Structures are given as C-alpha cells and as structure tokens.
Amino acid sequence: MATVAVVTPIYATPENGRLELFRHTLRSVQQQTHHNVVYLVVDDGSTADVPNFLNEYRDSRVRYVRREKLPTDLRTPSNALNLGIDYCLDRNSDIMTHEEAATLAAVTYLHSDDLLTKDSVKQRLRRLPDGFIHSDMALFARNCGFLRIS
C-alpha cells in the first residue's frame with residue numbers, strides 16, 4: 001500500500017491557542033480511510049509544549065521535528081514546511097521506516113488549523129496519476145456557520 005506523508009508546520013504559544021485548533025486537525029488526519037499515512041508535525045519554535053500535546057495521542061503515525069526559528073525568518077510557515085518535506089524525501093532520515101520511505105507516493109501539506117475529510121488522502125492518491133490534484137474546501141467560523149467552497 002502506498003504511503004502518503006502529511007506535513008503540518010505549527011507555531012503554538014500559550015497565548016495563540018493554536019493547540020486547541022490543532023487538536024481537530026490531528027484528529028482529521030488520524031481518521032483517514034487510507035491508513036498508510038505518516039503525519040509529520042514540524043514545530044516551528046513554539047513556546048507551548050507541542051511534544052507533550054502529541055504524546056496524549058499515542059499514535060505511531062505521528063512524527064515530530066522541532067525547528068528553532070531564526071531572528072531573520074519571515075513570519076510564515078514556509079521554512080518549517082520545507083524542512084518537513086526534506087525530511088519526508090530523505091530516504092536516510094529517521095522520520096519514516098524503511099518500508100514507508102520505499103512506498104512513499106505523495107507528500108501533502110496541511111495547515112495546523114485545517115481539516116481533512118475522512119477520504120481526502122484516499123481521493124488525492126487515486127487522482128495523483130491525473131497530474132493535478134485539488135479538493136473541495138470548507139470554511140467554518142464560530143460566528144458565521146459552515147460554508148462549502150468547491
């Protein structure tokens with residue numbers, strides 16, 4: 001079975017409440033119908049305790065890397081995302097098992113406050129031979145309700 005890596009950069013502080021949102025993101029990855037998923041969380045210099053948060057889930061598919069932010073970094077997740085992709089593509093890294101690395105078919109990106117539908121990875125993997133993959137989006141705001149964007 002093909003392996004799909006999902007990379008999520010996260011910058012969490014006690015003040016920004018990102019871990020509360022991330023809890024839902026993590027669950028959406030865990031609930032994928034395609035079960036051969038490696039979920040790489042790249043901590044982008046968080047001051048919140050991301051490793052302890054992840055330990056609550058005890059899921060061997062979830063992997064963790066910490067990156068220290070540099071003072072010269074832009075305020076974007078791009079450095080952390082690129083680091084995560086590099087780790088996924090490096091056959092000699094300890095992020096994936098030998099079997100996972102050998103069957104890696106795709107790497108995808110997920111914001112730390114986004115959700116995947118249960119069949120998202122399965123559908124993307126099925127459409128990969130078509131050359132371009134897109135998916136529906138949905139937006140949920142506490143005061144606005146649910147809006148589906150196709």
Side-chain angles (χ1 to χ4, degrees), residues 1-13 16-51 53-57 59-70 72-97 99-141 146-150:
M1 179 184 289
T3 299
V4 174
V6 178
V7 178
T8 295
I10 185 168
Y11 176 70
T13 68
N16 72 9
R18 180 59 63 176
L19 289 180
E20 243 346 277
L21 294 170
F22 181 59
R23 181 177 312 280
H24 303 287
T25 303
L26 178 56
R27 284 187 189 136
S28 79
V29 174
Q30 290 178 308
Q31 294 172 351
Q32 290 302 297
T33 56
H34 181 83
H35 297 290
N36 204 11
V37 173
V38 171
Y39 189 34
L40 178 57
V41 177
V42 183
D43 183 344
D44 201 15
S46 297
T47 57
D49 192 354
V50 177
F53 174 85
L54 293 173
N55 283 339
E56 293 175 25
Y57 291 89
D59 189 334
S60 64
R61 297 171 298 171
V62 178
R63 317 295 161 79
Y64 173 82
V65 172
R66 180 167 173 91
R67 175 188 175 278
E68 293 301 327
K69 279 190 177 237
L70 301 172
T72 56
D73 284 350
L74 297 174
R75 296 185 64 170
T76 70
S78 59
N79 290 319
L81 172 61
N82 290 334
L83 178 68
I85 292 169
D86 288 346
Y87 268 108
C88 291
L89 298 178
D90 181 358
R91 304 276 180 186
N92 297 317
S93 79
D94 57 353
I95 294 300
M96 292 191 202
T97 67
E99 182 181 339
E100 290 166 342
T103 60
L104 182 65
V107 178
T108 189
Y109 167 63
L110 183 64
H111 289 277
S112 63
D113 61 351
D114 286 353
L115 304 174
L116 295 176
T117 59
K118 289 183 180 187
D119 66 342
S120 179
V121 170
K122 186 177 187 175
Q123 292 299 323
R124 292 176 193 202
L125 194 57
R126 185 176 60 82
R127 298 298 308 259
L128 192 58
D130 295 343
F132 183 78
I133 303 167
H134 67 87
S135 59
D136 291 343
M137 288 180 47
L139 171 67
F140 181 80
F146 179 77
L147 171 67
R148 185 176 182 92
I149 305 168
S150 294

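Bear in mind the structure is a predicted one, so any value in this text is a computation, not a measurement. We're numbering straight along the sequence, starting at 1.
Here the side chain of Thr25 pairs a donor or acceptor atom with the backbone of Asp114 at under 3.5 angstrom. Between the Asn79 side chain and the Lys69 main chain, no donor and acceptor come within less than 3.5 Å of each other. Of the possible polar contacts, one joining the His34 side chain to the Ala2 backbone as a donor-acceptor pair under 3.5 Å is found. Listed for the Arg63 side chain is a donor-acceptor partner under 3.5 Å among the backbone atoms of Ile95. Using a distance-only test at 3.5 Å, with no hydrogens or angles considered, a donor-acceptor pair links the side chain of Asp73 to the main chain of Leu70.
One distance of note links CG of Asp119 with CG of Leu125; it measures 12.0 Å at 0.5 Å rounding. Going from atom CD1 of Ile10 over to atom CG of Leu19 covers 5.0 Å, rounded to the nearest 0.5 Å. Interatomic distance, Thr3 OG1 to Asn36 CG, rounded to the nearest 0.5 Å: 3.5 Å. Of the inter-residue distances, the one linking Leu26 atom CG with Leu116 atom CG reads 11.0 Å to the nearest 0.5 angstrom. Atoms CG and CG, on Leu104 and Leu89 in that order, are 6.5 Å from each other to the nearest 0.5 Å.
Considering every non-hydrogen atom in both Gly84 and Val7, the closest pair reads CA-CG1, 3.9 Å. Contact record, Gln32 with Val121: OE1-N, 3.0 Å, taken as the closest heavy-atom pair. Nearest heavy atom pair, residue Phe53 against residue Tyr57, reads O-CD1, 3.5 Å.
With sequence neighbours left out, Asp90 forms a salt bridge (Lys or Arg N to Asp or Glu O under 4.0 Å) with no residue at all. With sequence neighbours excluded, the residues that form a side-chain contact (heavy atoms from CB on, under 4.5 Å) with Ser78 are Thr76. Every residue two or more places apart in sequence or in another chain that forms a side-chain hydrogen bond (donor to acceptor under 3.5 Å, both in side chains) with Tyr39 is listed here: Thr8. Partners of Lys118 under the salt bridge (Lys or Arg N to Asp or Glu O under 4.0 Å) rule, at least two apart in sequence or in another chain, do not exist in this structure. Considering only residues two or more places apart in sequence or on other chains, Glu20 meets the salt bridge (Lys or Arg N to Asp or Glu O under 4.0 Å) condition with Arg23. With sequence neighbours excluded, the residues satisfying salt bridge (Lys or Arg N to Asp or Glu O under 4.0 Å) with Arg66 are Asp43, Glu68.
The closest side-chain heavy-atom distance from Gln30 to Arg61 is below 4.5 Å. Residues Ser112 and Tyr11 fail the side-chain proximity criterion, which asks for heavy atoms closer than 4.5 Å. When side chains are defined from C-beta on, Leu81 does not count as touching Val42, because their heavy atoms never get closer than 4.5 Å.
Atom CD of Gln31 sits in a crowded spot, with more than 12 heavy atoms from other residues, nucleotides or ligands closer than 6.0 Å. Environment of OH in Tyr87: sparse, with no more than 12 heavy atoms of neighbouring residues, nucleotides or ligands closer than 6.0 Å.
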Requested in this report: Take Leu40 and Ile85, measure what side-chain contact (heavy atoms from CB on, under 4.5 Å) needs, and give me the verdict at the end.
Outcome: CA-CA 9 Å; Leu40 178 57; Ile85 292 169; over 6 Å; no

Query - Arg18/Asp44 under salt bridge (charged side-chain N to carboxylate O under 4.0 Å, His left out): CA gap, chis, key distance, verdict - result: CA-CA 12 Å; Arg18 180 59 63 176; Asp44 201 15; over 6 Å; no

Requested in this report: Dump the intermediate steps for side-chain contact (heavy atoms from CB on, under 4.5 Å) on Tyr64 and Asn55, then the final yes or no.
Outcome: CA-CA 10 Å; Tyr64 173 82; Asn55 283 339; over 6 Å; no

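Of the N and O atoms on the side chains of Gln123 and Arg126, at least one donor lies less than 3.5 Å from an acceptor on the other residue.
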